[in-house]
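What follows is a set of notes on a single structure, which appears directly below.
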Number of protein chains: 2
Amino acid sequence: MVRKSTSKETARKPNMREAILAAAEELFAINGFNAVSVRDIAQAAGANPGSVTYHFKTKDGLLLEIYRRHCGPMNLRRSELLAAARRVRDLQDRLEAIVRAYVVPAFTSGSDLAGGGARFTRLRAVMSAEGNEVARKIIAQTFDDTSHAFIDAIHESLPHIPRADIVWRSHFLLGALYYSLVTPERVSRLSRGEADGSDAAGAIEQLVQATVAAFQAPALDQTAPARRRPALSSKT
Amino acid sequence: MVRKSTSKETARKPNMREAILAAAEELFAINGFNAVSVRDIAQAAGANPGSVTYHFKTKDGLLLEIYRRHCGPMNLRRSELLAAARRVRDLQDRLEAIVRAYVVPAFTSGSDLAGGGARFTRLRAVMSAEGNEVARKIIAQTFDDTSHAFIDAIHESLPHIPRADIVWRSHFLLGALYYSLVTPERVSRLSRGEADGSDAAGAIEQLVQATVAAFQAPALDQTAPARRRPALSSKT
DNA sequence: TTATCTTTTGTACGATAGTACAAATCCCAT
DNA sequence: ATGGGATTTGTACTATCGTACAAAAGATAA
């Protein structure tokens, strides 16, 4: 409280560790884990390569710390919003509130961390695509509980839909969410400027609206042997 | 026709070039571009590292050739299916046919190439997440036309929905499609075995059903200033 | 100030990356 | 069979990777 920072991003010397974390987060989220070297991170943070080793021991350790930094606040925020959503009476409104509780923190959580949660969610998307081992372990540990909680909540508000269908649809939701953060410029390009893929609020509204409708789609009758199922090679 | 191959995957010496392409495609699709070395590819193909340089000059050239190999057949198949879908009279059925025309080739095209198009689509997903430059250029050149054609077709069958909304929803479709191919095991895990994420036919049905519903969702009224828009920091 | 602990710097090492290139080998028309 | 182009092999070069580690610098309490 006593020491005021210069309020510029070139903070004099409050925490080199934080600078490295921020730089790594940004670079990993944009270029992936493997394409970014420790030297790249150090340079972006204005630090020495050896300093990264000192604070985080290894490159994996650095990624691990990034996850640790974000997972807690994000899942906490999700839990709060989910709890509130569960109390919504109208089933339609409740479903929307649940979806919103899942989506919003992915764009905005970690409000104290500059840049918000969107960058971290993008990082998760990229790590997922790269099949990063460190990320995979943390995800399974940290996010599966949350995912199950959301799936259960959605299932409660849509009792006539089989759980498997809900899992699929929430999977699609996560994929859509990830992809929106990975290539937002594609939306702008394909819409010829009518939509802005980088506008978080707009993306959230679109995503929530589309996803709620997807969840409400009729159940996929898996007992009936496929009404019509075209193409697809006959074997396998 | 005269020469019969041994029908084992260790084909004696038909085409080392093909073996390298197949190995690279598989490794890139699973581990990403940067995590796979030319030596890894050569070893998986039973070839010498220098042989890769001989056939494809550079690692980028190898990736480029993979794209060239698949883009043509896949977009051709999509065009055929889209043309057929456009002739469907019932608007509801037509929308489903259009979505199916977009999704099915992503899982199955390149029928002559072993493994089908799912591997290539997964590769595209991973390259997209990694922000691969080579991939980005080819995508913009090759897929934007196809994407616009589908968006237009969907727009025709849903004239009351703004084009921007349709762009967003087709973007979500692609994200969901990608993610389904990147981490199919997540579906199996979260559904506790009730659903099989690796079952292409099942994934297609789920994806089509959910996406059609998403497209049919009410238009997002963007003139009205946000019915209710919670959370999200007030600034920015 | 001085002693001690923390942090940063500079540098080096071994491993591995992409690619180049000459030699060896294979394939096939003549 | 043989000559010649296509292909494969083996190896080497340079660059960069992650990481280790000793020395320098900075901070803190006595």
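Atom set for the values below is all heavy atoms of this structure, side chains included, hydrogens, waters and symmetry mates excluded. Below, chain A is the first sequence line, B the second, and so on; all start at residue 1.
Ring planes of A/Phe33 and A/Phe28: tilted class, angle from 30 to 60°.
Distance, A/Leu64 CG to D/dG18 P: 17 Å, rounded to whole Å. Look at CZ on A/Phe56: it is 10 Å from P on C/dT8, rounded to the nearest Å. Across the protein-nucleic acid pair, A/Ile20 atom CD1 and C/dT7 atom P stand 11 Å apart, rounded to whole Å. In this entry the distance linking CG of A/Leu62 with C1' of D/dT19 reads 14 Å, nearest Å. Look at CD on A/Gln43: it is 12 Å from P on D/dT16, rounded to the nearest Å. For B/Lys57 and D/dT7, the NZ to P distance is 14 Å, given to the nearest whole Å. Whole-Å rounding puts the B/Asp40 CG to C/dT19 P distance at 14 Å. Taking atom OH of residue B/Tyr54 and atom P of nucleotide C/dA24, one finds them 18 Å apart after rounding to whole Å.
Both B/Val52 and A/Phe33 lie close to DNA chain D; mapped to their nearest nucleotides by heavy-atom distance, the more 5′-ward contact belongs to B/Val52. DNA chain D is contacted by both B/Pro49 and B/Arg17; B/Arg17 maps to the nucleotide lying nearer its 5′ end (nearest heavy atom per residue). Heavy-atom distances to DNA chain C give each of A/Ala47 and B/Asp60 a nearest nucleotide, and the one nearer the 5′ end belongs to A/Ala47.
The side chain of B/Thr58 approaches C/dT19 more closely than any other nucleotide in the set D/dC17, D/dT19, C/dT19. Checked against C/dT9, D/dA20, D/dT19, the side chain of A/Lys59 finds its nearest nucleotide in D/dT19. For B/Thr53, whose side chain is taken as the heavy atoms from C-beta onward, the closest listed nucleotide among C/dT8, C/dT19, D/dT19 is C/dT19. Among the nucleotides D/dT7, C/dT9, D/dA20, the one closest to the side chain of B/His55 is D/dT7. Side-chain atoms of B/Ser51 lie closest to D/dT8 of the nucleotides D/dT8, C/dT6, D/dC17. Set against C/dT19, C/dG10, C/dT6, the side chain of A/Asn48 has C/dG10 as its closest nucleotide. Closest contact between the side chain of A/Val38 and the listed nucleotides C/dT7, C/dA17, D/dT19 involves D/dT19.
Counting non-hydrogen atoms under 4.0 angstrom, B/Arg39 reaches a base of the nucleic acid.
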Run the side chain to side chain contact (heavy atoms under 4.5 Å, CB included) check on A/Phe172 and B/Thr211 step by step: do they pass?
CA-CA 9 Å; A/Phe172 298 152; B/Thr211 301; 5.9 Å; no
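Between the side chain of B/Thr142 and the backbone N or O of B/Ile139 there is no donor-acceptor pair closer than 3.5 Å. Listed for the B/Ser128 side chain is no donor-acceptor partner under 3.5 Å among the backbone atoms of B/Arg124.
Nearest heavy-atom pair, A/Leu181 versus A/Ala118, reported as atom, atom and distance to 0.1 Å: CD1-O, 3.8 Å.
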